[in-house]
Each structure stands twice: as C-alpha cells, then as structure tokens.
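Notes for the one structure printed next.
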Amino acid sequence: MNYEELADRILNGGALSDEEALSILDCPDDDLLPLLHAAYKIRKHYYGNRVKLNMIINTKSGLCPENCGYCAQSIVSKAPIEKYAMMKQEEIVAGAERAASVKAGTYCIVASGRGPVNRELEIVIDSVKEIKAKHRDMTVCACLGILKPEQAKRLKEAGVDRYNHNINTSAAHHDSITTSHTYNDRVNTVELAKEAGISPCSGVIIGMRETKKDVVAMARSLHAMDADSIPVNFLHAVDGTPLEGMNELTPRYCLKVLCLFRFINPTKEIRISGGREVNLRSLQPFGLYPANSIFIGDYLTTAGQESDRDRQMLMDLGFEVDLEPLTKQPVTS
C-alpha cells in the first residue's frame with residue numbers, strides 16, 4: 001500500500017475505500033513510519049505544526065445512573081473514586097484560570113450523569129458567562145450528557161463554543177458497552193448542539209473488544225456527523241469497572257488508529273485523549289504526526305502526564321501551541 005498516494009488522494013478531495021481503511025489498521029509494523037509520514041502530510045496541510053491544548057475539569061464526579069462499562073463513575077462501577085455533587089461557580093471559574101495559565105486554548109466543563117438538571121445547568125451557564133467575560137478568546141466546551149433543545153439553546157446564549165458527547169464506539173458494538181441509553185441518543189445530542197449553533201465535538205474509546213471494522217465505522221460515523229473536534233481515547237481500564245483488566249492495545253496499533261482518523265477526517269481536530277500515557281507510552285510524540293490536539297493535566301478519574309513533560313514533548317518535536325481562538329480557526333468542512 002502506497003500511503004503517500006492515499007494522502008494525496010485525500011488532499012485532492014478523495015476518500016478511502018473500506019479495504020484501504022482496514023489496510024491502515026493492518027499496516028505492517030515495518031511500514032508504520034511511511035504511514036505516519038502520509039498522515040502528517042494531511043495534518044500539516046490543514047494545521048501546520050500547531051497543537052491545540054485542552055484542559056478538563058470534572059465538575060461532578062460519580063453519582064451517575066448510566067451503566068457504561070468503561071466508566072469509573074457509572075452505577076455499575078465499584079472503583080474507589082471521589083464522588084461529589086456539582087461544583088460551585090467559583091470553583092469552575094478558577095479552573096478556567098488554571099487553563100489560561102498553562103495556555104490551554106480549550107477549557108472543557110464536564111459533569112457526570114445522564115443529563116443536566118436545572119440547578120446544574122444554571123451553574124454552568126453562570127460560570128461560562130463569567131469565564132467569557134475574562135477570557136473572550138478561550139474556547140469553552142461543555143460535556144453534560146444528553147441535552148434537551150432548550151438546554152442547548154441556553155448554553156449557546158451563555159457563550160459555550162463547543163459541546164462534547166462521544167459516540168464512544170460503533171453502532172453495532174454499542175449495546176456491548178452500555179444499555180442505559182442508545183447510540184442514537186448520543187448522535188441526537190450532537191445534532192442538537194449543531195442546531196443550536198454550537199461546534200460539535202464527539203469521539204471514541206478504542207480498546208473495548210471492538211473489531212477493526214467497528215473502528216472504521218466509528219471514524220466514518222464522525223465524518224458523517226461533521227464533528228469539528230474528535231477526541232480519540234484509548235481505554236485505560238480502571239479496576240472496579242466491567243472492563244477491568246482489559247489490555248488489548250499496543251502503542252503501534254494506537255498510532256495506526258490515529259492515522260486512520262486523520263485519513264477519514266482530514267480537516268478536523270483529532271485529539272489524543274484519555275489513556276494516551278498508558279497505551280502510547282514512549283511513542284506518545286509520534287501520535288502528534290496524525291493528531292493536532294491533546295489534553296493536558298488530569299482526566300476525569302485518571303491522572304495525566306505532567307504538563308511540563310507535554311510542553312517538553314512539543315518543544316522537542318518542533319511543534320508550537322496553537323493559541324488561535326475557535327472563531328479564527330480555518331473553515332475545514
């Protein structure tokens with residue numbers, strides 16, 4: 001397989017066949033460097049050597065009625081995590097100050113649960129208004145679960161730039177991971193955010209017993225949804241969850257997945273997200289050849305890499321932090 005020819009086809013408006021998509025995931029390890037080079041050719045065309053930094057705050061932990069098998073916060077989890085109700089406004093705003101101090105251009109406000117109740121929504125809305133008054137160019141992303149139309153509209157009016165609701169896996173594999181909501185529940189929330197004028201963010205978790213065909217289906221679904229930002233998580237199996245002990249990924253396969261997502265979603269922000277430290281390990285820097293975004297700091301219930309190490313990684317690669325606000329990003333659809 002000539003991956004550079006595939007990259008040229010993508011840059012000229014073409015697409016991959018299913019056979020070609022699977023060939024990327026089946027790429028021989030000896031061909032991994034040519035594959036990464038081809039993915040980087042696409043990434044560089046749209047994003048140069050810039051990397052978006054994202055910081056997450058877990059504003060409500062645990063206490064979730066959903067039965068997602070990967071999540072330490074779900075009702076079926078026995079993981080010994082900290083549990084607390086919705087943070088106060090001043091705590092959420094303080095998190096934005098920390099994000100600004102480390103030059104994270106996107107601040108992600110996340111809360112566990114099926115969807116926000118009125119009190120929680122009001123706290124987020126008031127927090128976003130205060131954050132935007134202080135940091136006009138900061139991209140504020142909310143991730144609060146399943147939304148109602150009026151909730152999406154109010155978040156947009158408050159200044160929320162982006163809404164995250166991950167599909168997590170393929171439609172065919174969804175019921176193997178959770179049964180307390182449907183795959184379409186997740187897609188519909190992303191569509192509601194789009195209808196409200198909010199930039200859609202939706203991604204996946206790799207390493208949950210899905211097939212390679214499932215991975216291709218995920219990438220194609222996100223392309224069809226026109227998700228602007230695509231977080232690619234690699235399962236960090238937490239003890240006490242139904243997926244405890246799962247460890248089916250290798251660093252090389254993770255890189256192939258990132259390349260696939262770049263080929264199928266060439267113009268979009270591809271973000272290396274949860275589990276990159278434990279799954280990519282020493283190959284983390286290579287992930288930024290197909291991807292152009294990372295989380296810095298900790299995740300929801302697991303620790304991330306120290307931000308100083310992330311900055312050193314970017315410096316060693318010769319990459320630079322992308323500080324352009326969402327409103328000034330190139331039109332890539």
Side-chain angles (χ1 to χ4, degrees), residues 52 54-60 64 66 86-87 89 92-93 95-96 99 104-168 171 174 181-204 218 221-231 265 267-271 273 293 300 324-333:
K52 297 287 289 186
N54 302 255
M55 180 172 280
I56 198 168
I57 183 170
N58 192 9
T59 61
K60 177 187 173 189
C64 183
E66 303 293 296
M86 197 72 180
M87 286 180 173
Q89 178 178 336
I92 299 174
V93 174
T106 301
Y107 179 55
C108 306
I109 300 172
V110 184
S112 65
R114 182 175 177 82
V117 299
N118 288 338
R119 174 183 168 274
E120 295 166 346
L121 190 71
E122 294 299 333
I123 291 173
V124 172
I125 286 172
D126 290 342
S127 300
V128 172
K129 288 179 178 177
E130 185 174 348
I131 292 166
K132 280 295 191 176
K134 296 178 178 178
H135 304 285
R136 184 183 61 180
D137 288 341
M138 177 177 283
T139 296
V140 176
C141 178
C143 178
L144 311 173
I146 297 172
L147 285 182
K148 300 173 183 176
E150 62 272 19
Q151 292 176 325
K153 182 180 178 181
R154 292 195 65 204
L155 289 170
K156 171 63 177 178
E157 291 171 348
V160 170
D161 302 289
R162 181 163 278 167
Y163 195 84
N164 168 262
H165 202 52
N166 292 335
I167 58 170
N168 287 325
H174 179 271
H181 60 266
T182 68
Y183 179 84
N184 285 336
D185 285 334
R186 290 188 167 268
V187 174
N188 290 341
T189 287
V190 176
E191 294 300 326
L192 277 177
K194 289 167 63 176
E195 289 170 11
I198 301 175
S199 171
C201 173
S202 188
V204 300
M218 294 179 221
S221 293
L222 293 168
H223 181 271
M225 292 163 62
D226 200 24
D228 291 332
S229 180
I230 301 175
N265 298 278
T267 67
K268 303 302 185 179
E269 177 184 334
I270 307 294
R271 186 184 322 139
S273 300
S293 179
L300 295 176
E324 285 291 307
L326 184 63
T327 54
K328 294 183 180 178
Q329 291 297 306
V331 176
T332 56
S333 296

Minimum heavy-atom separation for [X] to [Y], with atom names?
{"X": "Ile198", "Y": "Asp161", "result": "CG2-O, 3.5 Å"}
{"X": "Arg271", "Y": "Ser229", "result": "NH2-OG, 2.5 Å"}
{"X": "Asn166", "Y": "Arg186", "result": "O-NH1, 2.6 Å"}

Residues which pass ring pair (Phe, Tyr, Trp, His ring centres under 6.0 Å) with His181, listed by chain and number, not counting sequence neighbours: His174
With sequence neighbours excluded, residues passing ring pair (Phe, Tyr, Trp, His ring centres under 6.0 Å) with His223: none
List in chain and number order the residues that pass side-chain contact (heavy atoms from CB on, under 4.5 Å) with [X], two or more places apart in sequence or in another chain; answer none if no residue qualifies.
{"X": "Lys148", "value": "Glu150, Gln151"}
{"X": "Cys143", "value": "Val110, Asn164"}
{"X": "Gln89", "value": "Val93, Asp126, Ser127, Glu130"}
{"X": "Leu192", "value": "Pro149, Glu195"}

[X]: which residues meet the salt bridge (Lys or Arg N to Asp or Glu O under 4.0 Å) condition with it, sequence neighbours left out?
{"X": "Glu157", "result": "none"}
{"X": "Lys129", "result": "none"}
{"X": "Arg162", "result": "Glu269"}

Interatomic distance, Arg114 atom CZ to Asp185 atom CG [nearest 0.5 angstrom]: 5.5 Å
